[in-house]
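Sharing a structure, written as structure tokens. Questions coming.
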Amino acid sequence: MTTQTHPVDHELVEAAADVARTRCRGDNHTMAAAARARDGRIVTAVNAYHFTGGPCAELVVIGAAAAQGAHELDTIVAVGDRERGVVPPCGRCRQVLLDYFPALRVIVGGGGRLRAVPVAELLPETYVWADHQLDAG
């Protein structure tokens with residue numbers, strides 16, 4: 001698979017890094033995410049860790065964006081607390097992000113090697129939930 005890369009939204013990375021530095025505390029909130037809405041707004045959120053599988057920061061940012069009326073997201077990034085930098089989405093988040101926003105770009109990579117790639121390229125042999133639903137006809 002050839003990875004398509006897009007320009008990295010450094011303002012988005014810095015927004016997530018700022019939230020990770022200033023809002024993540026203790027074991028309950030260890031990751032921050034920032035997403036750029038189609039209208040240009042940046043929406044941020046943190047994870048809500050729980051041993052039962054609390055939501056990752058990327059999933060919380062989807063809900064936060066919807067609550068603010070931003071239903072179309074173009075780019076997303078997650079950043080770890082304690083200066084861990086950009087962290088790629090877990091498998092569950094990759095699938096949810098693909099199902100909600102098939103054209104989404106995800107910023108991944110470390111240090112000076114950040115890149116923005118289509119979410120579908122993060123899932124080999126991609127399963128698209130909508131493609132497997134029975135028609136209600």
Side-chain angles (χ1 to χ4, degrees):
M1 176 178 4
T2 304
T3 300
Q4 299 175 31
T5 59
H6 302 272
V8 172
D9 185 337
H10 292 284
E11 182 183 18
L12 196 62
V13 175
E14 185 49 42
D18 183 60
V19 170
R21 276 191 303 274
T22 61
R23 302 291 182 237
C24 290
R25 297 282 187 265
D27 292 336
N28 292 334
H29 309 292
T30 58
M31 293 291 298
R36 174 125 8 228
R38 183 146 308 142
D39 65 10
R41 283 184 285 170
I42 293 177
V43 179
T44 61
V46 298
N47 70 317
Y49 174 80
H50 192 266
F51 72 91
T52 62
C56 296
E58 295 94 331
L59 301 185
V60 177
V61 88
I62 292 171
Q68 295 175 35
H71 297 282
E72 296 296 326
L73 302 180
D74 287 334
T75 307
I76 194 167
V77 65
V79 173
D81 68 348
R82 296 168 293 192
E83 304 299 324
R84 290 184 289 146
V86 171
V87 177
C90 72
R92 176 179 68 165
C93 287
R94 292 173 191 215
Q95 187 66 55
V96 172
L97 292 169
L98 175 70
D99 289 336
Y100 270 71
F101 312 106
L104 185 74
R105 291 182 300 275
V106 181
I107 298 173
V108 296
R113 297 184 322 266
L114 294 179
R115 61 195 190 285
V117 299
V119 66
E121 292 195 11
L122 296 178
L123 286 166
E125 300 296 328
T126 300
Y127 172 87
V128 178
W129 183 79
D131 291 347
H132 299 279
Q133 301 310 298
L134 297 176
D135 292 325

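Computation of the quantities below employed the complete heavy-atom set of this structure, encompassing side-chain atoms and omitting hydrogens, waters and symmetry-equivalent molecules.
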Suppose the criterion is side chain to side chain donor-acceptor pair (under 3.5 Å): which pairs have a residue in residues 85-99, not counting sequence neighbours?
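Listed once each, the pairs are Gln95-Asp99.
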
Spatial distance of atom CZ (Phe101) from atom CD1 (Ile62) [nearest 0.5 Å]:
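These two atoms lie 5.0 Å from each other.
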
Check this for me: Asp27, atom CG, are more than 12 non-hydrogen atoms of other residues, nucleotides or ligands nearer than 6.0 Å?
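12 or below, so no.
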
For Arg41, does the CZ atom sit with more than 12 other heavy atoms under 6.0 Å from it, leaving out its own atoms?
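Atom CZ in Arg41 is crowded, with more than 12 foreign heavy atoms closer than 6.0 Å.
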
So which pairs with a foot in residues 72-82 pass salt bridge (charged side-chain N to carboxylate O under 4.0 Å, His left out), sequence neighbours left out?
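Listed once each, the pairs are Arg38-Glu72, Arg38-Asp74, Asp81-Arg84.
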
Under 4.5 Å between side-chain heavy atoms, counting indirect links through other Ile/Leu/Val/Met/Phe/Trp/Tyr residues: same cluster for Leu98 and Leu104 or not?
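The answer is yes; both residues are in one hydrophobic cluster.
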
Can you find a heavy atom in the side chain of Leu59 that is under 4.5 Å from one in the side chain of Cys93?
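Heavy-atom side-chain distance check passes, below 4.5 Å.
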
Return the minimal non-hydrogen interatomic distance between Val79 and Ala17, and the atom names on each side.
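Scanning both residues completely, I find the closest heavy atoms to be CG1-CA, 3.8 Å.
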
Check for me, please, whether Val108 and Val87 land in the same ILVMFWY cluster - side-chain distances under 4.5 Å, paths through other members count.
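No: no chain of side-chain contacts under 4.5 Å links Val108 to Val87.
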
Shortest non-hydrogen contact between Val19 and Ala32, atoms and distance:
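Looking at all heavy atoms of both residues, the shortest contact is CG1-CB, 3.7 Å.
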
Shortest non-hydrogen contact from Ala35 toward Leu73:
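So the minimum-distance heavy-atom pair works out to CB-CD1, 3.9 Å.
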
Under a 4.5 Å side-chain heavy-atom rule over Ile, Leu, Val, Met, Phe, Trp and Tyr, are Val8 and Val86 clustered together?
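Result: yes, single cluster for both.
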
Co-membership, hydrophobic cluster, residues Met31 and Val46, 4.5 Å side-chain
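No, no single cluster joins them.
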
Arg36 vs Arg105, test: side chain to side chain contact (heavy atoms under 4.5 Å, CB included). Steps then yes/no.
CA-CA 10 Å; Arg36 174 125 8 228; Arg105 291 182 300 275; over 6 Å; no

